[in-house]
Amino acid sequence: MLTHVQITSTRPVTTAHLAQTMTLLSLPIDELAEQIETELSNNPALEMLEERHCPTCHRPMPDKGVCPICSRPTNLNPEEAVVFISTREDFYPQGEPASEDYPDEPISPSVEDLPTFVMRQIATELDDGDRIIGAYLLTHLNEDGFLTTTLYDAAMYLHIPVSRVQEVQAIIQRAEPIGVGSFTPQDALLVQLDVLAETEIIPELVVPIVKDHFDLLTRHHFADLAKIYDTTQRQIQKLAKFISENLNPYPARSHWGNIRQPGLSEEQVYRQPDIIINHMNEDPSERLMVEIIIPLRGTLRVNPLFKAAISQTAEQTKEDMKTDLDRASLFVKCLQQRNHTMLRLMQRVVSIQKGFILLGDKNLKPVTRVQLSKELEVHESTISRAVANKSVQLPNRKIIPLSSFFDRSLNVRTVIKEMIDSEKRPLSDSDIVILLSKQGFNVARRTVAKYRAMEGILPAHLRHLN
DNA sequence: CTATGGCACGGATT
DNA sequence: AATCCGTGCCATAG
């Protein structure tokens, strides 16, 4: 791991250096991982040390996420969040298929993957023949927990009737994570509803909406849905809330975030977070801890043996080796640069947006990237790149894009929503402007209208109270 | 006359 | 330099 984040930038800054730093900075975690892996396998001058060091105290660290020696550093201001860099595996022990790198190594129980996890639950319900079917289906899951094969193909491959495959699929779908082994998010939701109905009361209309108008639901076309089911938009929003709180359209992923987040596509919102913000030891009374996830285990560095070997090599290959060496040291440097920037950025962001992180959307302070770039004394495009394509996991386990921290309107939008939710009579946009200004939000009437539309709320004269 | 939606300008972001 | 977002101005519906 790249524990030494302080920069020793006495090295001449080449254009190559700049270009690569900028590229790496804007990369999300999974692409960064690929980048590191290709670099590592193409460049013999790079070396990966298994041993890790605690980024705070620099002492060797055992296989745990938090350094046992300095997990509660006393030399820090208790108001400030602790920021450090962590490897990915620390937090996603079962997310990584160990089989890719070590195909022959048996999967130990602690790093159980999704298929194994599901199989263990359902094994007792199946006889030997069905187990083969289950195993076949479970090996055709994608990272979201959906089947990548069809029932027909499975039946053909196993020489059995489709109906039997279907029976097994139904059993899989009911295992944890519920809905796994479905074909689409819609299927998964229906299964979850079915299971949920056994213990809870499902509000009316939820099932028909998911079943018949799923596309409208995902696009938040609440007005259209209200019309179809002859009810109020408010009612539909309640149902949507129920759905997002109780169901998960991607069984293998942890959360149903806000799919309307600007800037990132739906796909990106659900990915592995680049940054995790949580309380120390998961204890809410403790101060916040911010982890910038590095997608590799261990320490990446220039191989000293390779460096030493150069002087003993024939002139011919010497040049090539020198090139490799330069590339390697450049790469490591760029990576350190990236970490350093992310670290400083998050430190500042978290201390500014603490209210938002702990108390919710309406406490978001509208900070611009430019402000931050001045505070941190970097170019604004640096901040821009650092924020781009990154996602953050909050203490409440929601995964949101890092750009949300710079959303100039989220707080106001939330307050508007609350106002309308608790209004006694339909408030017009200009009424809302006045109420907002009393709370210190100065926005134009026109803007209120836009936010209202963004949240899918009808104009005042069309809102009927239930 | 009031409440809203459409279009366009200027600053922020990429 | 191209694009996005908040706002102001104006037209339209009720």
Side-chain angles (χ1 to χ4, degrees), chain A residues 18-28 31-32 220-224 226-227 232-234 258-269 274 337-338 341-342 344-346 348-349 352-353 361-362 364-392 400-417 419-420 423-437 439-465:
Chain A
L18 276 178
Q20 194 167 12
T21 306
M22 303 227 286
T23 317
L24 287 185
L25 188 57
S26 60
L27 247 36
E31 289 175 34
L32 184 68
H220 287 222
H221 287 178
F222 298 144
D224 296 346
K227 220 172 278 174
T232 60
Q233 194 166 351
R234 176 89 54 92
N258 185 351
I259 58 173
R260 301 180 72 228
Q261 285 295 341
L264 289 181
S265 72
E266 188 174 338
E267 298 302 315
Q268 289 169 303
V269 172
D274 298 89
Q337 182 77 255
R338 179 187 192 272
T341 308
M342 293 299 296
R344 295 214 309 147
L345 172 72
M346 288 314 293
R348 196 73 197 97
V349 166
I352 293 173
Q353 303 291 18
D361 289 354
K362 67 173 165 181
L364 181 79
K365 290 190 190 160
V367 191
T368 77
R369 295 158 169 81
V370 181
Q371 275 172 42
L372 218 56
S373 74
K374 281 177 187 149
E375 285 185 36
L376 298 180
E377 298 179 309
V378 294
H379 195 273
E380 51 196 85
S381 75
T382 307
I383 302 288
S384 189
R385 286 167 190 281
V387 169
N389 307 317
K390 309 287 189 315
S391 53
V392 185
I400 62 168
L402 181 53
S403 55
S404 301
F405 285 85
F406 297 88
D407 191 319
R408 272 176 296 170
S409 64
L410 184 62
N411 52 355
V412 185
R413 290 208 307 265
T414 315
V415 176
I416 292 177
K417 253 194 296 187
M419 275 179 190
I420 294 178
E423 71 187 358
K424 298 213 175 54
R425 64 182 171 80
L427 296 168
S428 77
D429 291 347
S430 22
D431 292 336
I432 294 175
V433 171
I434 296 169
L435 288 176
L436 281 175
S437 69
Q439 294 194 35
F441 297 111
N442 291 313
V443 287
R445 187 234 95 218
R446 188 65 193 79
T447 309
V448 171
K450 288 238 159 137
Y451 289 169
R452 195 172 40 64
M454 271 190 201
E455 301 294 341
I457 301 171
L458 287 172
H461 60 278
L462 294 177
R463 291 202 299 270
H464 300 288
L465 300 174

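Just the heavy atoms: all of them, side chains too, but no hydrogens, waters or symmetry mates, feed the values below. Residue numbering restarts at 1 for every chain, and letters A, B, ... go by the order of the sequence lines.
Look at CD1 on A:Ile457: it is 16 Å from C1' on B:dG5, rounded to the nearest Å. For the pair A:Met454 CE and B:dT4 C1', the computed distance is 16 Å after rounding to whole Å. For the pair A:Arg452 CZ and B:dG5 C1', the computed distance is 9 Å after rounding to whole Å. When rounded to the nearest whole Å, the span between CG of A:Asp429 and C1' of C:dA13 equals 15 Å. The distance from atom CG of A:Leu462 to atom P of B:dA3 is 14 Å, rounded to the nearest whole Å. As a whole-Å value, the separation of A:Asp431 CG from B:dT2 P is 12 Å. For the pair A:Leu458 CG and B:dT4 P, the interatomic distance rounds to 11 Å; values are reported in whole Å. Atoms CG (A:Leu427) and P (B:dA3) sit 11 Å apart, rounded to a whole Å.
Not counting sequence neighbours, the partners of A:Arg452 by the side-chain hydrogen bond (donor to acceptor under 3.5 Å, both in side chains) test are A:Asp429. Taking A:Ser430 as the reference, A:Ser428 meet the side-chain hydrogen bond (donor to acceptor under 3.5 Å, both in side chains) condition, with sequence neighbours excluded.
For the pair A:Tyr451 and C:dG6, the criterion of a side-chain N or O lying under 4.0 Å from OP1 or OP2 is met. Side-chain nitrogen and oxygen atoms of A:Ser430 include none within less than 4.0 Å of the OP1 or OP2 phosphate oxygen of B:dT2.
When each of A:Leu376, A:Leu25, A:Thr368 is tested with A:Ile383 by the rule side chain to side chain contact (heavy atoms under 4.5 Å, CB included), just one qualifies, namely A:Leu376.
Annotation: side chain of A:Asp274 is not in contact with side chain of A:Leu402 (no heavy-atom distance under 4.5 Å). Two residues are said to be in side-chain contact when any heavy atoms from C-beta on lie closer than 4.5 Å; A:Phe406 and A:Val349 meet this criterion.
At a threshold of 4.0 angstrom between heavy atoms, the contacts of A:Ser26 with the nucleic acid are absent.
The residues A:Asp407 and A:Arg413 are annotated as salt-bridged, a charged nitrogen and a carboxylate oxygen being separated by less than 4.0 angstrom.
A donor-acceptor distance shorter than 3.5 angstrom exists from the side chain of A:Asn411 to the backbone of A:Leu364, with no hydrogens or angles considered.
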**Asked** Nucleotide by nucleotide, 5' to 3', does protein get under 4.0 Å of the base (B), only the sugar-phosphate (S), or neither (-) in nucleotides 6-14 of chain B, counting heavy atoms?
**Response** BB----SSS
